Amino acid sequence: MTANASGTVEIRAALVRLRRATGLPVAFGGLVEPGRPRVRISELTGTSTLALSALAVTSGNGLGGKAVALGRPCAVTDYSLSRQISHEYDVPVAAEGLRSVLAVPVVVRRRVRGVLYGALRTAQPLGDRTLSAAVAAARDVEQALVVREEARALMAAARPLPVTDAPASGAEWSGAAWEEVREAHRELRSLAPRVADPALRAEVLRVCRRLAGAAPADLFREAGESVRGAAGEAGADGSARAGGLSPRELDVLACVAAGATNATVAARLGVRPETVKGYLRSAMRKLGAHTRGEAVVSARRAGLLP
């Protein structure tokens with residue numbers, strides 16, 4: 001899935017939430033086209049025509065263009081009569097029968113990436129509650145885009161790490177290179193639960209499995225012990241098969257392996273410290289470990305952590 005295609009998924013979901021939260025009959029929006037100062041309306045919900053579909057809104061023009069240019073929410077009570085905006089798009093707006101309209105920019109790292117619109121077919125003030133809900137929906141999209149970009153950057157950084165054609169002996173691995181693998185795995189595991197796009201989340205977990213499976217056998221084999229231990233092999237969702245660890249338990253162990261305290265793990269994963277303790281206790285029980293350190297070693301022996 002392309003970056004823009006994934007972004008439109010987030011726009012679409014935000015528009016549905018906006019209508020549900022406000023009762024607005026119509027919502028629509030889209031992303032800024034790469035390399036062009038305009039927004040392409042790609043997502044429509046509640047519309048009765050296709051007049052707004054694929055409409056290109058140039059920065060500075062109309063209500064959405066004004067929101068892009070200013071980088072802040074804008075609203076009009078009666079679109080066609082408003083003196084606060086220019087009127088390049090009056091025809092499609094009138095064709096859809098829209099009167100009161102608001103436009104909220106999606107801003108990521110000080111750059112406008114898209115616009116969410118909400119509208120009524122009557123001329124009346126939209127109100128602070130509606131505007132606040134639209135701003136909250138835009139913030140959700142912003143966070144999703146940030147997480148997506150972080151995930152792609154981490155995966156790109158992980159690709160050149162020495163995780164393919166792993167040498168048979170751990171002695172051939174540089175300690176610094178191996179710590180890079182472990183750090184990349186920890187960051188991706190921490191990020192995965194925050195990725196809303198299922199396809200991207202699956203891709204992140206595939207990279208995690210690739211990193212976890214890169215362990216040199218001699219690092220963990222003791223007295224003929226198999227690298228794949230009692231915890232079982234990693235499943236398609238990033239968990240272990242046959243009574244193994246859940247994805248959340250792996251998330252916690254990945255952070256613990258990097259030396260994080262329970263409080264730090266909780267902050268990274270967005271859960272309570274008590275919840276982290278529960279996941280850790282469960283993981284230790286499944287791995288037959290008595291301490292945090294033993295749990296990490298067992299997970300590495302099982303190929304669940306690098």
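The structure displayed is predicted, hence computed values, not measured ones. Values below: every heavy atom of this structure, side chains too, minus hydrogens, waters and symmetry copies.
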### Message
Taking salt bridge (Lys or Arg N to Asp or Glu O under 4.0 Å) as the criterion, tell me which of Arg99, Arg121, Arg83 meets it with Asp78.
### Response
Arg99
[Y] side chain reached by [X] side chain, heavy atoms, under 4.5 Å:
| X | Y | value |
| --- | --- | --- |
| Asp251 | Arg248 | yes |
| Leu126 | Leu24 | yes |
| Ser80 | Val93 | no |
| Glu33 | Val39 | no |
| Cys255 | Thr264 | no |
| Asn262 | Arg292 | yes |
| Ile85 | Tyr79 | yes |
| Pro25 | Leu120 | yes |

Search all heavy atoms of [X] against all heavy atoms of [Y] and return the closest pair with its distance.
| X | Y | result |
| --- | --- | --- |
| Leu63 | Ala75 | CD1-N, 3.9 Å |
| Val115 | Gly64 | CG2-O, 4.2 Å |
| Ala266 | Arg272 | CB-C, 3.8 Å |
| Ser100 | Thr122 | OG-O, 3.1 Å |
| Arg19 | Val26 | NE-N, 4.2 Å |
| Val104 | Ala138 | CG1-CB, 3.6 Å |

Give a yes or no on whether [X] and [Y] share a hydrophobic cluster (residues Ile, Leu, Val, Met, Phe, Trp, Tyr; joining criterion: side-chain heavy atoms under 4.5 Å apart).
| X | Y | result |
| --- | --- | --- |
| Val112 | Tyr89 | yes |
| Val146 | Leu31 | yes |
| Val76 | Leu18 | no |
| Leu102 | Val68 | no |

### Task
Could you tell me whether Glu142 and Arg139 make a salt bridge, using a distance below 4.0 angstrom between a side-chain N and a carboxylate O?
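So Glu142 pairs with Arg139 through a salt bridge.
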Nearest 0.5 Å, please: how far is [atom2] in [Y] from [atom1] in [X]?
| X | Y | atom1 | atom2 | answer |
| --- | --- | --- | --- | --- |
| Ile11 | Thr8 | CD1 | OG1 | 8.0 Å |
| Ser42 | Leu55 | OG | CG | 11.5 Å |
| Glu43 | Glu10 | CD | CD | 11.0 Å |
| Met284 | Leu253 | CE | CG | 9.5 Å |
| Leu44 | Arg12 | CG | CZ | 10.5 Å |

### Stepwise side-chain hydrogen bond (donor to acceptor under 3.5 Å, both in side chains) test for Glu88 and Ser86
CA-CA 6 Å; Glu88 293 84 356; Ser86 60; 2.5 Å; yes
Under 3.5 Å, side chain of [X] to main-chain N/O of [Y], donor-acceptor pair present?
| X | Y | result |
| --- | --- | --- |
| Glu294 | His290 | yes |
| Arg40 | Ala54 | yes |
| Thr45 | Ala27 | no |
| Thr58 | Arg38 | no |
| Lys66 | Gln84 | yes |
| Glu96 | Thr49 | yes |

#### Entry: Worked verdict on Tyr117 versus Val57 for side-chain contact (heavy atoms from CB on, under 4.5 Å)
CA-CA 12 Å; Tyr117 296 83; Val57 178; 3.8 Å; yes
### Query
Would Leu52 and Leu98 satisfy side-chain contact (heavy atoms from CB on, under 4.5 Å), going step by step from the backbone distance to the final call?
CA-CA 11 Å; Leu52 299 170; Leu98 304 182; 3.9 Å; yes
#### Entry: Chi angles and distances behind the side-chain contact (heavy atoms from CB on, under 4.5 Å) call for Leu280, Val265
CA-CA 11 Å; Leu280 190 53; Val265 175; over 6 Å; no
